[in-house]
Each structure stands twice: as structure tokens, then as C-alpha cells.
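Reading through the C-alpha cells given below for one structure.
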Amino acid sequence: MIRFDRVSKRYPGGYDALREVGFSIESNELVFLTGHSGAGKSTLLKLIMMMERPSRGQVIVNNRSLKDMSRRRIPQHRREIGVVFQNHQLLFDRSVFDNVALPLAIAGYPSRDIGRRVRAALDKVGLLSREKHMPITLSGGEQQRVGIARAVVNKPRVLLADEPTGNLDPALSAEIMHLFEQFNQVGVTVLIASHDLALISQLHYRIITLSEGRLLVGGVD
Amino acid sequence: MTRSPRSRSEVVSRGDQGASPTQTNMVQRLTGWWRHHLTMARDSLQRLLDRPWSSVMTWLVIGIALALPVSLSVLVSGAESVSRNWDSGAQLSVFLKHDLNTGTVNALAGDIEDMPEVSSVRGISPAEALAEFESFSGFGDALRNLDSNPLPHLLLITPAQAAQTSEQIGDLSRRVSSLVGVDQVVVDMEWVERLRAMMALGKRAVLALGTILALGVLLIIGNTIRLTVESRRDEIVVVKLVGGSDAFVRRPFLYTGLWYGLGGALVAWALVVLVLFWLEGPLSSLAEQYQSAAMAPSLGVLGALQLLLFGGTLGLLGAWVTVSRHLASIEPR
């Protein structure tokens, strides 16, 4: 589902964020990505999202090489991937419902379907009763769950999460991880970047570890 | 605030499979696209109305910039239509040589009347001319003391309807001058020509002014849109992250530009109507002095629609240029 083929990323200025990283994640897998900050976790996710392009090597998502993907194709590519961010990236001038509905509006769903799907997604993350609230009135954990609902509302095949539990206490973090497990169990490929080793080592999934841009362990070939 | 764990089947049902993103068909896409347009149009207008002061200021600036050249051009084209009426009254005065007898004069008049460009010829004999001159000039006594009548025979030519352009009249005048017995041909049109030249100058000046002001409007709209784009930077990033295409991101700003342009055009229309209403009195008294049909310049329905179209186009164009330039620089990082 996701394959990195000796991928290197050097940022302008000469900083090597990733060096010769190679691994592959099968569909239906849940994989954790870990490493110290600056190890290259975010860069790796950005390459999958086409927020950056690799300097060398190639990234393959959904059997499609991202190398030759034109700028015009990027939006379509992103619609097939759900992303959860550490800072939620919610729009604070609109309701929970509208935030979750955004990917559907972009994909051009009829409003009837949008209502149904948004409520289903909010139900999954346990926030159905909050659909009319503004995100600012929600707690950090609830905002993160809105972010997750938005990431899954379009039923993507791939779900990425960048430090989804970064600002949450252990109980909430476990709860969020449990949500990701549930999505994985219905067939979504999940890749979670996290430095919360205590939490992820309890969960018995494959862990890819990066250090200074190199892959240390977890890249089965 | 921990929730009690819910059973898996309750949370995610397998029938609601997540393994493939649901495809939307063409019709759904089209209706979705259309609905998004409507939503964006409404949403953009609402955003403008939410900040009434700054929006009204922008509309006024655009309106004033558009109203100036539009009212001038309405006035110029009004004057032009009036002068066109004068033009059709052009006449040629043909002064004949002194030593011609009445028979030759009549033959000459007949020859001229046979020309296809000529509608009619009226002869004025020296005696008639003298009588007319006496009654008009007030030199009656002095004229009566003359031994002989110094005035020549005069033929007044009215050109045919189809031969009224200054070029055709020039040709006719040359042909008549070359006839034997003709002393001089005077075309009573020079002041009309001068007016025409001034009118052409005026039209061009209005066009130049209009172009400059339209550019100004484009810049005003562009700059306003740029500020809007900046203020919604975070939103643009999020929309791009969840797969919004450039067109999707651009859309609300294009509608904002359209509303600025249309609103400005509406203000301009109101200003033009006011200006023309205010000028109506002086204009009609001026027209009276020139014994012309009353000149009542107005924008008309068509003109108003053109103004709206023009304003809307300027708004869209200004927004398009700005948004295209700025959106590329706003990428998720």
C-alpha cells in the first residue's frame, strides 16, 4: 500500500531529513513510525501526502508512483488519504459538522449524503452530540477526535497521523489509539507517527524507527 | 471525561466498509459542483455584508472610478447623435459667374440636378438674393444706391440622402466646381467638421480615461482580494491538505471579486443616473439654442446591463489574477 524505495530528502540548505529510507506497508496494516524529533517522521509523512517531493528514490502509494504525479493530480491523491495532525488543523470559524464535512464538500457529495456520512463519522469518534458546536468550545481530546472524524469521513484507504496524541494525557491518548485500531480493523491502512514509546510498545504493532533520517528498525523488505 | 468503551460492532460496522473511497458518479459530481458554486456565491456575499463599512467603501471607490468615464461617454455619444442630425442638413452653395444669362443658369441647374448624388437644386436669382440681403442686413439704403446688382446667381444643392458623408460631399463639391460657369462652391459644413473632430478627440479621451480607471479598479479589487486571501490563509492550507483543488480554493475569492465588481457597477450606475438627471436642464436649454432635437442622454437598460457586465468582469479578472498569484505561495508545510 505504501512503499519507500531508497528515499532521500535533502531540504534547501543541505539538511538531510531522510537518507536512503526503504520500507513497505501492506494494505490493512497498522504501523507506528517513531524516532526523536528531527528524525524525519514528519518529512516521511509529507512525502506520502505530496507536501514535499523526494530528492532521490521513489514513494509508491496505492500502487502509484508519486514521482511522475503532476501538480494537478495532487488534490485527488490527497482525497484518498486521511490525515490527522497534531495541531488538529481545524477551521475555527465553522462548526464541528462543517469541519468534518469539508472533504465531502470538496469531493462534491450531495448534501443528503454529507449529512449521513458526517454523522456516521462523528458517531464513530463519539462526538455526535457536538455537531453544532464550534471547535473552540471543545477540549483538546475532542478537537483531536473531530480531526480524526474529518480524516475518515471520506473513507480513505490510507490513514496517516502525525503525533495524534501529542498534547493529550495518557488515558485520552490510549482512547485515540484505540480509535485508530478500529479503523484498521475495517481495512484501513494506518501509519501513525508518534514518539510516545510507552504507549505504542503496549500495542504490538510493527514499529518503524528513524534516527537522523535513517531507518533503524522495522523496514521489512 | 473518559467514555465507556463501546463494542466494536457498534462503533464500526463492516457493511460500512472503509477499504475503498466511495466513488461519486458524474451527475453527483455536477450537482455537487453546482451546489458548491451557489454556496460559495452566497457565502462570499455574506462575508462582504458582515463587514459592511469596508465593503461599502470598496464599492464606492469602484463605483466612482467607473461612473466618471461612463457618464462622460454617455454625454459624448449624446452630443454625437445630435450632431449627426445637423450633418444631414449639409448644403452646397454654388456661386455662378456674373456674365451668365438665365438660360445658361437653368441649363446648369438641370445638369447638376441630374447628378445621382443630388437630391434637389434651388436657384436664387441676383434680384431675389439682393432683396433677401436687404431685409436681413439692414444695409437697405446703401444697397439701393448701387447702380447694378453686384450679386451673382446662386444655386443651393441639397445632396441625396445616400450621399451625406463628408467625403461624398467633398467629391460632389469638386465636380460642381469644375463645371463651366461655376465661380465658387461653398460647403456649409466646416463647423460640423470641427465639432466632429472635437467629438472624436473627446471619445478618445474618454476611452483613455476609462482604460486608466478600469486598471485602477482592477488594482483595487486585486489588493482587496489579496488581503482576503491573507486573512484566510489557514483555511486555504487546510482545504489544500484535505484535497481541495486549486479551482475549489480559488472559487470563494472569485465570487468575492465578482461581488465587488457588480456592487461597484451598481454604485456607478446610480451615480451616472444622478449626474445625467442633474445635467438634463442645462443640456436641453443648450439644445434649444442650437435648434436641435432635445438631447436627453441616458444609459438605457442595455447600457446599465453592459455596465454591470463590465464591472463583474473586472471584479472576476482582478480576483483571478491576484488569487492565481497568491495561492501558489500558500502551500501546506
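Chain identifiers are assigned alphabetically (A, B, ...) following the order of the sequence lines, protein sequences preceding nucleic acid strands; residue numbering begins at 1 within each chain. This is a predicted model, so every value here is computed, not measured.
The greatest number of non-hydrogen atom pairs below 4.5 Å with chain B, out of A:R71, A:M49, A:E52, A:R72, is found for A:R71.
Residue contact with chain B, scored on non-hydrogen atoms closer than 4.5 Å, is absent for A:N62. Looking at A:M51, the atoms closer than 4.5 Å to chain B (heavy atoms on both sides) sit in the backbone and in the side chain alike. With a threshold of 4.5 angstrom between heavy atoms, A:S27 does not approach chain B through any atom at all. Neither the backbone nor the side chain of A:F92 comes within less than 4.5 Å of any heavy atom of chain B.
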Identify all side-chain donor-acceptor contacts of residues 59-69 of chain B below 3.5 Å with residues at least two apart in sequence or on another chain.
from	atom 1	to	atom 2	distance (Å)
B:W59	NE1	B:W259	O	3.0
B:W59	NE1	B:Y260	O	3.4

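The environment of CG in A:N63 is sparse: at most 12 heavy-atom neighbours from other residues, nucleotides or ligands sit within 6.0 Å. When the shell of 6.0 Å around CZ of B:R204 is examined, it contains 12 or fewer heavy atoms from other residues, nucleotides or ligands. Within 6.0 Å of CZ on A:R53 lie more than 12 heavy atoms contributed by other residues, nucleotides or ligands. Within a 6.0 Å sphere centred on CZ of B:R47, heavy atoms belonging to other residues, nucleotides or ligands number more than 12. Shown here is B:H37, whose NE2 atom has more than 12 heavy atoms of other residues, nucleotides or ligands within 6.0 Å.
Put simply, CG on A:D93 and CZ on B:R232 are 7.5 Å apart, with the number rounded to the nearest 0.5 Å.
Ion pairing between B:D43 and A:R94 fails under the 4.0 Å rule for side-chain N and carboxylate O.
For residues 208-228 of chain B, an interface with chain A (any heavy-atom pair closer than 4.5 Å) does not exist. Below 4.5 Å, heavy atoms of chain A meet heavy atoms from B:L241, B:V242, B:G243, B:G244, B:S245, B:D246, B:F248, all part of residues 241-253 of chain B.
Among residues two or more places apart in sequence or in another chain, the side-chain contact (heavy atoms from CB on, under 4.5 Å) test is passed with A:I192 by A:L30, A:F32, A:A161, A:P164, A:M177, A:F180, A:V190, A:S194.
By the 4.5 Å heavy-atom criterion applied to side chains, B:E331 and A:I74 are not counted as neighbours.
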